[in-house]
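I have placed the structure first, in the form of structure tokens, so that the comments after it can refer back to it.
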Protein chains: 2
Amino acid sequence: MNEKFYQLPEEKQNRILNAGFRVFARNSYRKSPMNEIAAEAGISKSLLFFYFRNKKELYLFLMKKAEELTIANLRNSGCYEESDIFEMMYRGLLAKTAMMRRYPDMSAFALKAYYEEDEEVKDELRKIIEPYSKLSTNKSLPKLDPSVFKDGLDLQLMYQDMYLASEGYMYQMQHAGPIDVDRVVSDYRKLIDFWKSLYLR
Amino acid sequence: MNEKFYQLPEEKQNRILNAGFRVFARNSYRKSPMNEIAAEAGISKSLLFFYFRNKKELYLFLMKKAEELTIANLRNSGCYEESDIFEMMYRGLLAKTAMMRRYPDMSAFALKAYYEEDEEVKDELRKIIEPYSKLSTNKSLPKLDPSVFKDGLDLQLMYQDMYLASEGYMYQMQHAGPIDVDRVVSDYRKLIDFWKSLYLR
DNA sequence: ATGGTATTAACCGAATCGGTCAACGGTGCT
DNA sequence: AGCACCGTTGACCGATTCGGTTAATACCAT
């Protein structure tokens, strides 16, 4: 992509990024028109083609950006250093919501890209996704010290419950129209404390 | 739509319905081509236009069909007569999975249609959706008899937990590639029993 | 005015779209 | 064999949209 893109004021860069995320998240690669992205970003199609040589380049650039931002976000969220599983999950959702404020459609874009099959981008897309998809998603049960939990508690089921509810939150935030993010976070905090009172010894 | 459509063998009708659900669920109305739907259904575009005069007619027909199927499914699921909230939720998910077996993309289609804004279909679409969207979604806490639950339990949070986890299940079934439905159901059953052991007195 | 830079309107050929229509193949009747 | 019927399709049409190019703007500092 054109170096000039980086010299743009950050706000304008983000407008273009978000426009790309949004359009590519809503439609497949082939059905995401460049003029729609340009309009969404508030610039002309010509200018968009000035910064990015063609659609493929923009698409792959967005994917790299999404990967980069996600990794950086996970790192500084501190949810890996945290040993308390409840606070770990809380920090995880906190990180996701923070990201969603700045780039509302990025995660939807990344998810859709993960299943993109278009020949024009498929191969190079996989190369970008592969290392990044190996990042431990917290689907599987992490190691837990059973002594802090109530006796006889099925930790596997406990974790599944919490994980699914978190997924449910993320789902609502993306599919249930525009949402008051702060409200969601405070609701989630209450739920976390509810779990602590239920599960902890 | 053409009467002849109903005289088709049911399997072929369903193939056409599912093709429509699938394509319209993946793209917006305007970006869902008729030839793609026809190909997905294994028939020619001409034949599709023989059964449905134009794209708008097919789209609205699918919406009506989705409404009709959903209502019928909810009715016979028996999840309304059930007073036990745990069994109610279980029956609810059971009903949804049953529907998802026959019409895998119907609910995704209905959800997308709910947000469709295209001028060509917007108005007539709303007329179809309106009465049907008033069906009580079980987002809000139903009336519960506190005496059967553990003392001091926050019923509001309990229900929120269960509701969100169920949403998480539905989310996984639609966005996490093809899934073993039976496995999901049995997992969910285990979770329900887990909740009963946690929450019931 | 001048020169450089950011930005765009206008345009191009190719592809895709919704929709039409004449023809095709099979089946049963005569 | 011929004929009529019916489900089905390939080929086609005009209109629109697409990715991408280019020549010309608007803007701003000298």
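Taking the six-membered ring for Trp and the full ring otherwise, the centers of B:Y188 and B:Y169 sit less than 6.0 Å from each other.
Using the six-membered ring where Trp is involved, B:Y103 and B:F21 have ring planes that are perpendicular, over 60° apart on the 30 and 60° scheme.
Between the side chains of B:Y59 and B:S32, no donor-acceptor pair of N or O atoms lies under 3.5 Å.
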remark   = Whether each nucleotide of nucleotides 4-26 of chain C has a protein heavy atom under 4.0 Å at its base (B), only at its sugar-phosphate (S) or at neither (-) is summarised, 5' to 3', as --SSBB-------SBBBB-----
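Enclosure of atom CZ in A:R183 is not indicated, since only 12 or fewer non-hydrogen atoms of other residues, nucleotides or ligands lie within 6.0 angstrom.
Salt-bridge formation is not detected for the pair A:R126/A:E130: no Lys NZ or Arg NE/NH1/NH2 atom is positioned less than 4.0 Å from an Asp or Glu carboxylate oxygen.
The interatomic distance linking A:F24 (CZ) with D:dC18 (C1') rounds to 13 Å, in whole Å. Computed from coordinates, the A:D118 CG to D:dG19 P distance equals 11 Å when rounded to whole Å.
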